[in-house]
Trainee: 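Quick one: structure below, then a few questions.
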Amino acid sequence: LKNVKSKAIEFLLGLNIFELEFKKQDLLSRKLVITEKWKNLCSQIHSYADKAGVNVSNLSSFPEITSSLTPIFFYVIQGDRNVPFLNFYAEEQLELERMENQSFSVSPEKNIELIQKNLADAENRLNKLYLAFDIVSSELDIDKRKIKIYDQQLKEVIEDLEKNKGAKKIYQLGSQVPITIASNLCPTCHQDVKDTLLPQGLEQTPMRIGENITYLEAQKKMIEAYLRAHRNSIEEKTRLYNNYNRLMNQELRPQIRAFKQELISDTKTLSEIEIEKKIKQRVRVKFYQETIDELYERVTSLTNLSSHWEQILIEEKTIPKDVFTKEDMNKIMQFESYFKVLLTKFGYKSKPTDNVKISLDNYMPEIVGDRMRYNIRFDSSASDLIRTIWAYTCSLLKVSDSFSNTNHPRFLAFDEPAQQNMANSDFRSFLKELSSYQNVQTIIFASFNQSDDVFNDTTKDIPFKLHWIKDRLIKPS
């Protein structure tokens, strides 16, 4: 677990942040599952569409609420027209019905001119497609080379950005730590050092590190935009490439071979072209029908995922944007108040208690000064550090007494709490504080400097139950 100590305090105090964090993690997990399923469905849709030469638009690769978007559109490119796939399929069905109702021709001689015309048309279409295919292929190669160049440029910009950010951290550190390099002075010769990563001998005045970072971040965004555009272009051109390749190799070239074969075939045999066209049309119609079924089955699945996605977004809106609820802040402020009071009660003197705060980051006590915050242990004496442990532990319990919805087990245990030559009077204040707690089990293992007098003076008039440990035997008093 990350931040175990902080989560333990959140649990003991019953902070809502504990539950909110759980809800956030649950929502994030559900979002990741839906995102992965959505991407898989999109990949399947593109795969089925590409096999059928169908183009897809309005399909987002990231989950969205489909009810508020333009419906997913499937279309086939015919010349300069985008024909809806369902309309295209209906036309193919009509063509099959026409072929089924048409009788075979036994005398292809009468259709020589038509066959020659169809052959010429098919060869002309093939030449045009081949030219378009060659252009798209060349553009794809160019785009892929550009992607490599932009990837390298992006890598270099990110490296420069990290170097400049690292240099900026050093200068920011210099605002708190008196190092000469942060004042643009060489720590050895004390000459001026320009605020730049470029060679110091340049006569030109370069941009400062902050300006460099701004410039490099703009460069990074621009290159990333170029990469997105080129990747989208590659994706679209790849579809065209596959579509042209399918049309040439699966439709036009077989048609041309069939037309040529028909011209030299026996005039008394049935028309091979007509037979082959009818068989192919049946296969095409069946294939398109199966493609439609597969595509719209996945569109339905996307719609269902979109409904779940919308529900998650609605749930996200119910989670407070602030880290702490009002009740959480009340608990933390009460915790801090108890802690400061007990520090004074137990004799803490290393720092004024007005400068003591409970950190909202990790719930640990810290000292707050002029633009500085640091853990209380760094500026406390050894005995005062022990006092902070007493006060912190007791304050957790006292907050639990003030609020009903906490998770404190109401059990405290201390092993030799009076360490570091602790004053007996302060230890007595600590024991007196513990004795005031109701419905709490407190166990203290202490030796009282091996002195009965110290024990009697420290525990005088304080109610407790003694278990005396001697020679490894436990005996009640």
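Heavy atoms only: backbone and side chains are in, while hydrogens, waters and symmetry mates are out.
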Trainee: Decide, yes or no, whether a salt bridge links Arg30 with Glu315 under the criterion of side-chain N to carboxylate O below 4.0 Å.
Mentor: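 Salt bridge between Arg30 and Glu315, a charged N being under 4.0 Å from a carboxylate O: yes.
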Trainee: Within a reach of under 6.0 Å around CZ of Phe73, are more than 12 heavy atoms found that belong to other residues, nucleotides or ligands?
Mentor: yes
Trainee: Tell me yes or no: between the side chains of Asp160 and Asn164, is some donor less than 3.5 Å from an acceptor?
Mentor: no
Trainee: So does Glu159 pair up with Lys163, basic N to acidic O under 4.0 Å?
Mentor: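 No, no charged N to carboxylate O under 4.0 Å.
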Trainee: Just wondering, are more than 12 heavy atoms of other shown residues or ligands nearer than 6.0 Å to OH in Tyr374?
Mentor: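 More than 12 heavy atoms, drawn from other residues, nucleotides or ligands, come within 6.0 Å of this atom.
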Trainee: Got a sec, which residues hit side-chain hydrogen bond (donor to acceptor under 3.5 Å, both in side chains) with Gln44, two or more places apart in sequence or on another chain?
Mentor: Arg298
Trainee: Restricting to pairs with a member in residues 352-365, which pass side-chain hydrogen bond (donor to acceptor under 3.5 Å, both in side chains), not counting sequence neighbours?
Mentor: Glu10-Tyr363, Ser359-Asn362
Trainee: Is the centre of the Phe74 ring less than 6.0 Å from the centre of the Phe88 ring?
Mentor: no
Trainee: So for atom OH, which belongs to Tyr226, do other residues, nucleotides or ligands contribute more than 12 heavy atoms lying within a distance under 6.0 Å?
Mentor: no
Trainee: Does Lys237, at its NZ atom, have more than 12 non-hydrogen atoms belonging to other residues, nucleotides or ligands within less than 6.0 Å?
Mentor: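 Counting other residues, nucleotides and ligands, NZ of Lys237 exceeds 12 neighbours.
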Trainee: Measuring centre to centre across the rings, with the benzene-like ring taken for any Trp, is Tyr89 within less than 6.0 Å of Tyr288?
Mentor: no
Trainee: Report, as yes or no, whether the 6.0 Å neighbourhood of atom NZ on Lys39 holds more than 12 heavy atoms from other residues, nucleotides or ligands.
Mentor: no
Trainee: Answer whether the closest heavy-atom distance between the side chains of Ile72 and Leu302 falls below 4.5 Å.
Mentor: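 The answer is yes, as the side chains (C-beta and beyond) meet within the 4.5 Å cut-off.
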Trainee: Are any of the side-chain nitrogens in Asp401 or Arg410 under 4.0 Å away from the carboxylate oxygens of its partner?
Mentor: yes
Trainee: Between CD1 of Ile256 and CE of Met248, what distance do you get to the nearest 0.5 Å?
Mentor: 11.0 Å
Trainee: Quick one about Thr325 and Asp328 (side-chain donor to acceptor, distance below 3.5 Å, no hydrogens or angles considered), yes or no?
Mentor: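 Yes - a donor-acceptor pair under 3.5 Å links their side chains.
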Trainee: Among Arg145, Lys144, Lys146, Arg231, find the residue that satisfies the salt bridge (Lys or Arg N to Asp or Glu O under 4.0 Å) test when tested with Asp151.
Mentor: Arg231
